[in-house]
Asker: 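First the structure, then my questions, so here it is.
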Protein chains: 2
Amino acid sequence: MSETLGRQHISRQFDSELEAMHHRVLAMGGLVEQQISDALRGLIDNDVALSTQVIDNDARVNRHEVAIDEVCMQIIVRRQPTAGDLRLVLAVIKTINDLERIGDQATTVARKAISLSAMERPHNHYLEIEHLGERVRLMLHHALDAFARLDASAALAVVEEDAVIDHEFDGIMRQQVTMMMEDPRTIRRCLDVMWTARALERIGDHAENICEYLIYLVKGKDVRHTSPEELAEIARDRRQ
Amino acid sequence: MSETLGRQHISRQFDSELEAMHHRVLAMGGLVEQQISDALRGLIDNDVALSTQVIDNDARVNRHEVAIDEVCMQIIVRRQPTAGDLRLVLAVIKTINDLERIGDQATTVARKAISLSAMERPHNHYLEIEHLGERVRLMLHHALDAFARLDASAALAVVEEDAVIDHEFDGIMRQQVTMMMEDPRTIRRCLDVMWTARALERIGDHAENICEYLIYLVKGKDVRHTSPEELAEIARDRRQ
């Protein structure tokens, strides 16, 4: 961890505690990523058992959050970290909250997949949802990757991915509205598709949040609610 | 603050810092509550200027979050709080995150109100949304009230309000689907109403989160992801 963070603590024990915390976040992130994949597979393959499994697995995601939260609190109380280390711990507390909410969105996708399994399937087998979902899963993967390396430039690139996701989401919304109007018998199915797309789009927002905490951590600047232009400037500024 | 928290710190300065932090959260909460009221008024009165004002005001909500976050970090670094005080500070950090997201949902309501202002209005002038919105605003008000008094029993009562909100939300969804199917010309309007209802329902979830942090703070038990029955038991248990 000292290497990753580019600094060394007097106490090796503290270093290894921070490292363990960091790894636990990445493990939780891996689980959440798997939940997204499985939720998408459940929908695309019309596999209700897999969708049900995603819903059941959400309790595991939640337990990760509660456990890591506790570890973070213990570190702050026992180690009385400096501002820099504290920033890392607080970034972790926020990151796992977003990961937990991503897990919730994955279960929304799974629930909608179960609802859709009872309806006639469209000819394209929800290709547009598969596409959006894969893009979102990849965005989260990149965010976790940036977090693993504490890489602010990589985090900025992830934030920029979100615009593409919003664009695809808008396209799906327009397409579904048109379909509903042309054939009102598809209304229920279209609504489920819209809620699914919305859940995926929200995952993109949470991945963006994670990257913003990371940029704050590395650059010491709070970049939430910052325009894309200012953000790019901050992340490219290597002087810290 | 020492009175509110039921304990006294050696440093009076620390007490007043905690108190100031607590008041800032309540001030932010008051602003967010106003944003919900205004967003609803904008929709019900078809007042586009007010809806636009809600969207513009969101930047103020965001600035509150960033500023309180910074105060919390300073308190931890400078005061090295004990586990109990740290729990309060961490609860504040989480609470303001939920308040900020409630602010986002208020702007969603405002955006949909602007979109709806260009469409024919229904006979009941969105009465069901007004009703749901008022209930949600009240739930947030009760949550902030419980937070002001650090009252876990009051917080539990708020958590229980959420079931009523979910029930009303489901009713609106069913009603809108029926309307769309009966008259496909209403599809765009119904979709906007559904997104509005969804934003309000999410506000209820965030108010619930705030109460759960509070119960954790007072009772020392993490009650997120806990069944309603267990929750009631924890909040009623006065022994701590």
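The sequence lines fix the lettering, A, B, ..., with proteins before strands; numbering per chain opens at 1.
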Asker: Is the count of non-hydrogen atoms from other residues, nucleotides or ligands lying under 6.0 Å from A:R79 atom CZ greater than 12?
Answerer: yes
Asker: Between B:D205 and chain A, with a heavy-atom cut-off of 4.5 Å, which part of the residue counts as in contact: side chain, backbone, both or neither?
Answerer: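 When you check distances to chain A, no heavy atom of B:D205 falls under 4.5 Å.
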Asker: Need one label for A:E70: side chain, backbone, both or neither, based on atoms under 4.5 Å from any heavy atom in chain B.
Answerer: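 When you check distances to chain B, only side chain atoms of A:E70 fall under 4.5 Å.
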Asker: Identify which of A:R78, A:Q74, A:M173, A:M180 forms the greatest number of heavy-atom pairs closer than 4.5 Å to chain B.
Answerer: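 The candidate making the most pairs under 4.5 Å is A:M180.
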Asker: Roughly how far, to the nearest 0.5 Å, is CZ of B:R188 from CE of A:M181?
Answerer: 4.0 Å
Asker: At a 4.5 Å cut-off on heavy atoms, which part of A:M194 comes close to chain B: side chain, backbone, both, or neither?
Answerer: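 Both backbone and side chain of A:M194 come within 4.5 Å of chain B.
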Asker: Do A:D69 and B:L90 come close enough that some side-chain heavy atom pair is under 4.5 Å?
Answerer: no
Asker: Working to the nearest 0.5 angstrom, can you tell me the gap between A:I93 CD1 and B:I93 CD1?
Answerer: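 If I round to the nearest 0.5 Å, the distance is 6.5 Å.
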Asker: State the CD1-CD1 distance between A:I187 and B:I187, to the nearest 0.5 angstrom.
Answerer: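 Here the interatomic distance stands at 4.0 Å.
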Asker: Hey, are A:R101 and B:D98 close enough for a salt bridge, meaning a charged N less than 4.0 Å from a carboxylate O?
Answerer: yes
Asker: Determine the option with the most heavy-atom pairs under 4.5 angstrom with chain B, choosing from A:V77, A:D58, A:L86.
Answerer: A:L86
Asker: So B:N97 and A:K94, do their side chains get closer than 4.5 Å, heavy atoms only?
Answerer: no
